[in-house]
Engineer: 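There's a structure below that I have some questions on.
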Amino acid sequence: MLIRFLRLFLGRQTLVALYNLLQSFRKKFRSLLPSMAIPEADQEQDKKVSGPVFDPSIPSIPISYPIKTLEELHSRAYFDSFHYPFNKSSVPLQSPSPPFPLPNRPRLLVCHDMQGGYVDDKWVQGGSNPDAYSIWHWYLMDVFVYFSHSLVTLPPPCWTNAAHRHGVKVLGTFITEWDEGRVISSKLLETEDSARLYAERLAELAAALGFDGWLINMEVKLDVMLIPNMKEFVDHLTRTMHSLVPGSLVIWYDSVTIDGDLDWQDKLTEKNKPFFDISDGIFINYTWKKDYPKLSAEVAGDRKFDVYMGIDVFGRNTYGGGQWTTNVALDVIKNDNVSAAIFAPGWVYETKQPPDFRTAQDRWWDLVENSWGAVQKYPRTLPFYSSFDQGVGYHISVDGQQVTDASWNNISCQGFQALLKYVDDPKPDAIQVLVDFKQPSYNGGGNITFRGTLQDNAYFETRVFIGELLLGGEPLQVIYSVKSEGDSLLGLLLHFFSPLNDKKTVIAIAPWETDELSRKFNKAIVPGRVTDSEIEPGWVQYESKVAMNGQILREIRAVCHKTKGTTTMRSEQKAAAEGSEYLAVLGQILMNNSDHNSCLPPSTSWEVTAELVQWTASSSAAAADSEGSRAVSLKINWKLKDGNTAFAHSKYNVYVAKLGSSSVQYLGVAAVEAFYVSNLVVPSGVSSLKFIVQVCSNDGSSQKLDESPYFELDVEY
């Protein structure tokens, strides 16, 4: 705990020296006072205070966790864990050009290090904290590293799923540090065979869990005799990763040198270049000087984009000071044409930057965007769907209908994130654009809310997505859903570019028709209003088709409009000058080929089973008024009977119907074909339970509950 606290303020070199000094004092003190061993009774009491030891083989609510010892890594014990199947990522890396090479330009790597790792994000099926940390600025990065100070840091699948959806690669971390790390490193590198074996273990984990490689940080002094085996470890890991996961990365951290010294170079030199030469890149320590990026580029030659200059957002001896001046370092790095590695952007969250996390987060990443620019674009392929879910919220909706009002967090649920532009100190009477978790949602718990003041017959527009979608001969189908108040109207602007003649075309899809709209844009289309009895009241769904063969969709913008009201308390002149209140909520956007029909496999195509069923007498407060209540825990599994694993699902919603009761209870969401139900209270009088798995496609469509696969379980009394 002390070391974690000191990390907030001390640079790495100082911290390493201080830690080793304290360890030497501790050992000396123990040797002088052997009689002061802790009594066995006190040791037992400590165990009770700290709680039961985590046993990954015992069924429990699925969590993500690291591998802490070399013995665990060697034995492959992780694959025997109950939690292993739940920790597989389910979203393949979205990239325009397999096998997913990194672009030939300066890149941005983001290394997430917060509170020791595995906080709210460890709950694979989601947690209950609507204020949990998350990132929604994926369009600004190329690589995401999940970092902790455990030996083998395995990224929770929620991060891999969200990052992959946006085209961002995800790396785990292998780290050895302190005196314990020297012992581990000596065993790891004992022979060439041992170095290769552990490299293969790491590659196997990445391939099995679906992430894209490793950051290797050997932050210890090594016997120079072990360096050849160290090089073999890195080289074999890199080659094995490339073989198992095309486009994968192994990045070396600037720490131990080719001489075996723990000597951070702060730039690419002949002392760390041998490791750079056999890996996919190097993460340079963050205490560099202004000319070090340029010097590193000269040493790297044609691999200069594989040099990632570190920036510590906490500002510990980092160039530019980090924090709210992180952009100072980014500007230097980009000017010298190398890549950047931002370390610990969770600083905004950990230090509670004002006025609130979401505002401060948007403001901080706006600094990054203004310096570095957007590096990811979407839509790139069809279908393209977003309900603007950020993976946290105060309710969950399905097809416009709220299914739970419980607070929650689950980054796996993030859809494509809107590229909303941060506005510093917005005017009180301007239209404010934000994801408002208290407003209704169409799918999930997010939306884009447009709120403010707008003059009658005026327009307001703002960026939603930056795309790179090449259209074919089929018309593009565009569907969007809106909930609004009064005469507040919301439309979309599609910006196209023709690569044949460099012509730009803007098409407005808007539910109003005016001469000004037609004059303002190249073409105006009034969309059809979908009439469907199953659409939740209050939501309006618009649909249109656009034929732009051979053109590239470059941008999607929202346009707000307010028609002239029929009644007003003010004079028309005053209303025109001051405007009136505007409120509209954008719930979803779907783009697809016009002939596409969502086809979800019928219920009979699925096989749903249960295992590890355990009944107990219920002791929860919810059952206090129901004598004889029971509680059940079980693992539900499902799969297509034909063995097809290529079905493009986005998630599965899981419900339970207690036969004898007319209500259906939402239990949670699964990203894989399994869900663990823990201590579900069953009131007395309920004879059986029906567990329903609602299949959701990546085009936003969801199976109707009465057409969804299910499993029935008799209650045991």
Side-chain angles (χ1 to χ4, degrees), residues 12 16-17 19-20 23-24 26-27 56 65-81 147-154 171-209 213-245 248-265 270-283 285:
R12 184 177 286 103
V16 169
Y19 178 88
N20 288 332
Q23 286 291 87
S24 65
R26 177 171 171 266
K27 290 178 182 178
Y65 63 94
I67 295 174
K68 297 186 176 182
T69 69
L70 208 56
E71 290 71 27
E72 288 180 76
L73 180 61
H74 180 274
S75 69
R76 303 177 70 250
Y78 184 84
F79 294 107
D80 297 324
S81 166
F147 183 92
S148 81
H149 289 274
S150 294
L151 179 66
V152 180
T153 301
L154 302 171
L171 309 184
T173 304
F174 181 82
I175 184 171
T176 60
E177 54 185 346
W178 320 119
D179 289 341
E180 303 96 312
R182 291 191 67 183
V183 175
I184 292 172
S185 298
S186 296
K187 186 173 181 179
L188 169 78
L189 306 173
E190 189 173 14
T191 66
E192 182 178 300
D193 287 342
S194 66
R196 293 171 64 90
L197 181 145
Y198 288 112
E200 290 168 6
R201 291 289 189 267
L202 292 177
E204 179 186 30
L205 282 164
L209 296 177
W214 295 96
L215 171 68
I216 304 299
N217 186 0
M218 307 298 292
E219 206 141 19
V220 293
K221 179 178 176 59
L222 292 176
D223 188 322
V224 71
M225 300 295 291
L226 297 177
I227 294 300
N229 291 342
M230 182 75 254
K231 292 176 66 178
E232 180 62 26
F233 172 72
V234 176
D235 181 66
H236 191 59
L237 175 59
T238 304
R239 293 176 184 273
T240 308
M241 279 301 315
H242 291 177
S243 175
L244 292 177
V245 183
S248 57
L249 301 173
V250 173
I251 294 180
W252 176 261
Y253 191 85
D254 167 31
S255 50
V256 69
T257 68
I258 198 67
D259 302 318
D261 296 323
L262 181 54
D263 185 11
W264 299 271
Q265 298 295 290
E270 294 306 315
K271 290 191 174 185
N272 54 27
K273 189 173 183 293
F275 301 111
F276 172 75
D277 290 340
I278 54 177
S279 63
D280 297 300
I282 186 169
F283 186 142
N285 189 48

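Only heavy atoms go into these numbers, but all of them, side chains included; no hydrogens, no water, no symmetry mates.
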Engineer: Which heavy atom in K271 sits nearest to a heavy atom in D259, and how many Å separate them?
Structural biologist: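 Looking at all heavy atoms of both residues, the shortest contact is CE-OD2, 3.7 Å.
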
Engineer: Identify the two heavy atoms, one from T238 and one from I278, that lie closest to each other, and give their separation to 0.1 Å.
Structural biologist: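 Taking every non-hydrogen atom into account, OG1-O, 3.1 Å.
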
Engineer: Test side-chain contact (heavy atoms from CB on, under 4.5 Å) on L189 and D223; report intermediate values, then the result.
Structural biologist: CA-CA 10 Å; L189 306 173; D223 188 322; over 6 Å; no

Engineer: If you take the centroid of each ring, where Trp contributes its six-membered ring, are F147 and F283 closer together than 6.0 Å?
Structural biologist: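 No, ring centres 6.0 Å or more apart.
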
Engineer: Could you check whether any side-chain heavy atom of S185 comes within less than 4.5 Å of a side-chain heavy atom of L226, counting everything from C-beta outward?
Structural biologist: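 Of all side-chain heavy-atom pairs linking L226 with S185, none is under 4.5 Å.
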
Engineer: Is any side-chain heavy atom of V234 closer than 4.5 Å to a side-chain heavy atom of L237?
Structural biologist: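 No, their side chains stay 4.5 Å or more apart.
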
Engineer: Working to the nearest 0.5 angstrom, can you tell me the gap between N285 CG and S255 OG?
Structural biologist: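 N285 CG to S255 OG: 8.5 Å, rounded to 0.5 Å.
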
Engineer: Let's go through V256 and K221 carefully: what are the C-alpha distance in whole Å and the side-chain angles of both, what is the deciding distance for side-chain contact (heavy atoms from CB on, under 4.5 Å) to 0.1 Å, and is it a yes or a no?
Structural biologist: CA-CA 6 Å; V256 69; K221 179 178 176 59; over 6 Å; no

Engineer: Going through the distances and angles, do L154 and Y78 end up as a side-chain contact (heavy atoms from CB on, under 4.5 Å)?
Structural biologist: CA-CA 11 Å; L154 302 171; Y78 184 84; 3.6 Å; yes

Engineer: For H242 and D280, run side-chain contact (heavy atoms from CB on, under 4.5 Å): C-alpha distance rounded to whole Å, both residues' side-chain angles, the deciding distance at 0.1 Å, then the answer.
Structural biologist: CA-CA 10 Å; H242 291 177; D280 297 300; 2.9 Å; yes

Engineer: Got H236 and T240 here, is their nearest side-chain heavy-atom distance under 4.5 Å?
Structural biologist: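 Sidechains of T240 and H236: in contact.
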
Engineer: Which of parallel (below 30°), tilted (30 to 60°) and perpendicular (above 60°) describes F233 and F174?
Structural biologist: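 Taking F174 first and then F233, their aromatic rings sit tilted (interplane angle of 30° to 60°).
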
Engineer: Please round to the nearest 0.5 Å and tell me the distance separating atom CG of L202 and atom CH2 of W214.
Structural biologist: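 Rounded to the nearest 0.5 Å, the CG-CH2 separation comes out at 5.0 Å.
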
Engineer: Does any N or O in the side chain of S243 come within less than 3.5 Å of the main-chain N or O of R239, such that one atom is a donor and the other an acceptor?
Structural biologist: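 The answer is no, because no donor-acceptor pair under 3.5 Å joins these two groups.
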
Engineer: CD/E232 to CZ/R196 distance, rounded to the nearest 0.5 angstrom?
Structural biologist: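 The CD atom of E232 sits 5.0 Å away from the CZ atom of R196.
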
Engineer: Examine the side chains of T153 and S148 and answer whether a donor and an acceptor come within less than 3.5 Å of each other.
Structural biologist: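 There is such a pair (donor and acceptor under 3.5 Å, judged by atom type) between the side chains of T153 and S148.
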
Engineer: What do the steps show when you test K187 against E71 for salt bridge (charged side-chain N to carboxylate O under 4.0 Å, His left out), and what is the final call?
Structural biologist: CA-CA 10 Å; K187 186 173 181 179; E71 290 71 27; 2.9 Å; yes

Engineer: Give me the atom names and distance for the closest heavy-atom approach of S150 to P66.
Structural biologist: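 Heavy-atom minimum between the residues: OG-CG, 3.4 Å.
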
Engineer: Please report the interatomic distance CE(M230) to OG1(T257), rounded to the nearest 0.5 Å.
Structural biologist: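 OG1 of T257 is found 12.0 Å from CE of M230.
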
Engineer: Has the side chain of D254 got a donor or acceptor atom that lies under 3.5 Å from a matching backbone atom of Q265?
Structural biologist: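 Confirmed, D254 side chain pairs with Q265 backbone.
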
Engineer: Show the nearest heavy-atom pair for residues L197 and H74, with the distance to one decimal.
Structural biologist: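 That would be CD2-CD2, 3.5 Å.
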
Engineer: Could you tell me whether the side chain of L188 reaches within less than 4.5 Å of the side chain of M218, counting heavy atoms only?
Structural biologist: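 Touching, per the 4.5 Å side-chain cut-off.
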
Engineer: With a 4.5 Å heavy-atom cut-off, do Y253 and F275 have their side chains touching?
Structural biologist: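 Sidechains of F275 and Y253: no contact.
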
Engineer: Hey, does V250 have a side-chain heavy atom less than 4.5 Å from the side chain of I216?
Structural biologist: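 Yes, their side chains come closer than 4.5 Å.
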
Engineer: So which heavy atom on Y65 is nearest to which on P56, and how close?
Structural biologist: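 Closest pair (atom of Y65, atom of P56, distance): OH-CB, 3.4 Å.
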
Engineer: Taking all atoms of both residues into account, what is the closest heavy-atom pair of L171 and L249, and its distance?
Structural biologist: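 Looking at all heavy atoms of both residues, the closest pair is CD2-O, 3.8 Å.
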
Engineer: Supply the atom-to-atom distance I258 CD1 to D261 CG, rounded to the nearest 0.5 angstrom.
Structural biologist: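 Separation between the atoms: 11.0 Å.
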
Engineer: Short question: side chain of W252, backbone of S279 - any donor-acceptor pair under 3.5 Å?
Structural biologist: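 Pair absent, no side-chain N/O of W252 close to backbone of S279.
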
Engineer: Between atom CG of L151 and atom OG1 of T69, what is the distance when rounded to the nearest 0.5 Å?
Structural biologist: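 OG1 of T69 is found 7.5 Å from CG of L151.
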
Engineer: Strictly distance-based, threshold 3.5 Å: is any side-chain N or O of S248 a donor or acceptor partner for the main-chain N or O of M241?
Structural biologist: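 Yes, the answer is positive, given that a donor and an acceptor are paired below the 3.5 Å cut-off.
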
